[in-house]
2 protein chains.
Amino acid sequence: MDYKPFLDYINHYISLTEAEEALLLSKVIPRSYLKHQFIVQQGDVCKSANFIVSGCTKMFYMDADGQEHVVMFAIEDWWSSDLGSFITQSPADYNVQCLEPCEVIQFTYENLEELYAEIPKLERLFRKIVERAFVASQKRIVRNFSLSAKERYQLFRTTYPKIDQRVPQYMIASYLGITKEFLSKIKRELAKA
Amino acid sequence: MDYKPFLDYINHYISLTEAEEALLLSKVIPRSYLKHQFIVQQGDVCKSANFIVSGCTKMFYMDADGQEHVVMFAIEDWWSSDLGSFITQSPADYNVQCLEPCEVIQFTYENLEELYAEIPKLERLFRKIVERAFVASQKRIVRNFSLSAKERYQLFRTTYPKIDQRVPQYMIASYLGITKEFLSKIKRELAKA
DNA sequence: TAAAAAAGTTAAACTAGATTAACATCATTT
DNA sequence: AAATGATGTTAATCTAGTTTAACTTTTTTA
């Protein structure tokens with residue numbers, strides 16, 4: 001597996017010495033998944049923090065009625081884990097499933113705790129990553145309330161054009177909180193206009 | 001101002017020596033606000049991270065139509081800042097306003113950066129705080145999609161009974177993403193049943 | 001390459017929640 | 001204690017988005 005995108009990503013936030021890079025890579029697990037494979041399963045403990053080197057995943061919640069709710073997609077240079085389950089090492093609320101074959105770099109909980117002790121700068125790295133993720137998540141809450149379904153789709157399409165192209169439409173509908181039928185109607189209207 | 005709740009809160013996540021506590025307190029600003037006063041204003045840079053010692057705030061977004069959207073409430077032992085604005089030191093998307101007289105402990109951006117350098121453990125503290133906030137935020141997104149307005153209100157009421165009692169109903173409606181009229185209807189139904 | 005499965009479309013009937021508008025109650029200030 | 005403004009209620013009408021169900025197109029697999 002090619003570690004360069006991963007190291008580039010990290011060096012965007014903090015700078016590591018060669019020794020630190022080597023230590024980091026020694027405690028990280030490269031893993032490949034097939035399309036449709038689950039990286040995390042609802043009910044199981046999320047044992048790793050997963051960095052996507054290549055491929056595409058969805059994180060989703062299966063509700064009591066068997067309805068899927070897509071919480072987020074992840075592609076190259078994003079993380080895809082049930083963070084709540086990972087940090088508390090308790091059963092996951094969400095599934096993470098590969099929508100394409102995926103190459104993933106994994107931190108186990110124990111390895112990450114060791115790394116925090118050995119390279120304290122990593123606390124800073126993950127603080128910054130999660131800060132950004134939290135801000136984006138709050139922004140999404142507001143938008144879900146203040147924008148119409150059509151506006152939300154237009155925003156999604158311009159913000160994540162790559163994901164819009166790679167992911168089945170019915171999953172995007174779920175991510176936007178609408179039915180696939182209604183998204184189909186929205187796309188027809190947008191195509192006309 | 002009484003710093004004990006603040007120190008207790010911090011010691012729940014990490015442990016500080018007496019010297020570290022003293023250094024921390026020397027770089028923090030206690031401040032009082034009146035009811036209705038703004039701690040952060042949309043468009044201004046959010047200059048401080050705000051820990052609520054006493055009182056209650058709302059963070060809200062004012063949309064293009066002049067409609068208020070409540071993103072979150074904060075009471076004792078919570079934070080209330082526009083984190084996106086704070087971490088990037090760019091104009092705030094949100095307002096933070098006091099719903100009661102408030103006692104607040106403030107970290108300026110510069111002081112916090114200094115503190116991170118002087119007490120690296122604080123990176124760990126804020127990493128953990130933001131991790132939890134992010135997990136809660138994602139959970140809220142899923143719930144907004146998978147639960148009805150009535151279910152969301154019931155969940156809110158049992159999760160945050162104190163806030164339900166302290167905050168005007170029309171603001172709770174805004175937080176839940178519904179109109180005050182519809183919340184009124186929901187409450188009538190719940191009272192009947 | 002046929003067939004089966006997955007993904008997408010269309011349209012009619014329906015519903016959760018919005019809008020509007022009038023009114024009621026409570027709190028604050030003078 | 002009256003008046004003002006803020007908060008909460010009720011009910012009729014309306015609409016964005018759902019549901020259902022039948023159908024088409026694309027992709028995957030045998």
Worksheet item: Of all of residues 155-180 of chain A, which get a heavy atom below 4.0 angstrom from DNA chain C, listed by number?
Response: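 Heavy-atom cutoff 4.0 Å gives P168(A), Q169(A), Y170(A).
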
Would you kindly give the [atom1]-to-[atom2] distance between [X] and [N], to the nearest whole Å?
X: K187(A); N: dA11(C); atom1: NZ; atom2: P; answer: 18 Å
X: K185(B); N: dA11(D); atom1: NZ; atom2: P; answer: 10 Å
X: D65(A); N: dT19(D); atom1: CG; atom2: C1'; answer: 14 Å
X: K150(A); N: dG17(D); atom1: NZ; atom2: P; answer: 10 Å
X: E181(A); N: dA13(C); atom1: CD; atom2: P; answer: 17 Å
X: I186(A); N: dA16(D); atom1: CD1; atom2: C1'; answer: 10 Å

Fill in: Proximal nucleotide (of dT10(D), dG17(D), dG17(C)) relative to the F182(B) side chain
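When the side chain of F182(B) is considered, dG17(C) is the closest of dT10(D), dG17(D), dG17(C).
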
Discussion item. Please list all pairs meeting salt bridge (charged side-chain N to carboxylate O under 4.0 Å, His left out) that have one or both residues in residues 164-175 of chain A, counting only residues at least two apart or in different chains.
Written reply: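 Output for this query lists E76(A)-R166(A), E100(A)-R166(A).
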
Worksheet item: Tell me the salt bridge (charged side-chain N to carboxylate O under 4.0 Å, His left out) pairs involving residues 12-37 of chain A, sequence neighbours left out?
Response: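 Non-adjacent pairs meeting salt bridge (charged side-chain N to carboxylate O under 4.0 Å, His left out): E20(A)-K121(A), K27(A)-E114(A), K27(A)-E118(A).
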
Item to complete: Would you mind building the protein contact string for nucleotides 23-29 of chain D? One character per nucleotide, 5' to 3', B for base within reach (heavy atoms under 4.0 Å), S for sugar-phosphate only, - for untouched.
Response: -----S-

Worksheet entry | Distance-only donor-acceptor check, side chains Q41(A) and N95(A), under 3.5 Å |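 Result is no, nothing qualifies.
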
Discussion item. Under a plain distance cut-off of 3.5 Å, with no hydrogens placed, do S148(A) and E151(A) share a side-chain donor-acceptor pair?
Written reply: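 A pair is found: one side chain offers a donor N or O, the other an acceptor, under 3.5 Å apart.
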
Worksheet item: Quick one: is dT9(D) close enough that its OP1 or OP2 comes under 4.0 Å of any side-chain N or O from R188(B)?
Response: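 The answer is no; no side-chain N or O of R188(B) sits under 4.0 Å from OP1 or OP2.
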
Worksheet entry | Pairs where residues 31-58 of chain B contributes a residue and the test ring pair (Phe, Tyr, Trp, His ring centres under 6.0 Å) is met, not counting sequence neighbours |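 Every ring pair (Phe, Tyr, Trp, His ring centres under 6.0 Å) pair that includes a residue of residues 31-58 of chain B, provided the two are not neighbours, is F6(B)-F51(B), Y9(B)-F51(B), F51(B)-W79(B).
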
Fill in: Residues in contact with DNA chain D, drawn from residues 56-64 of chain A - heavy-atom cutoff 4.0 Å
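The answer is none.
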
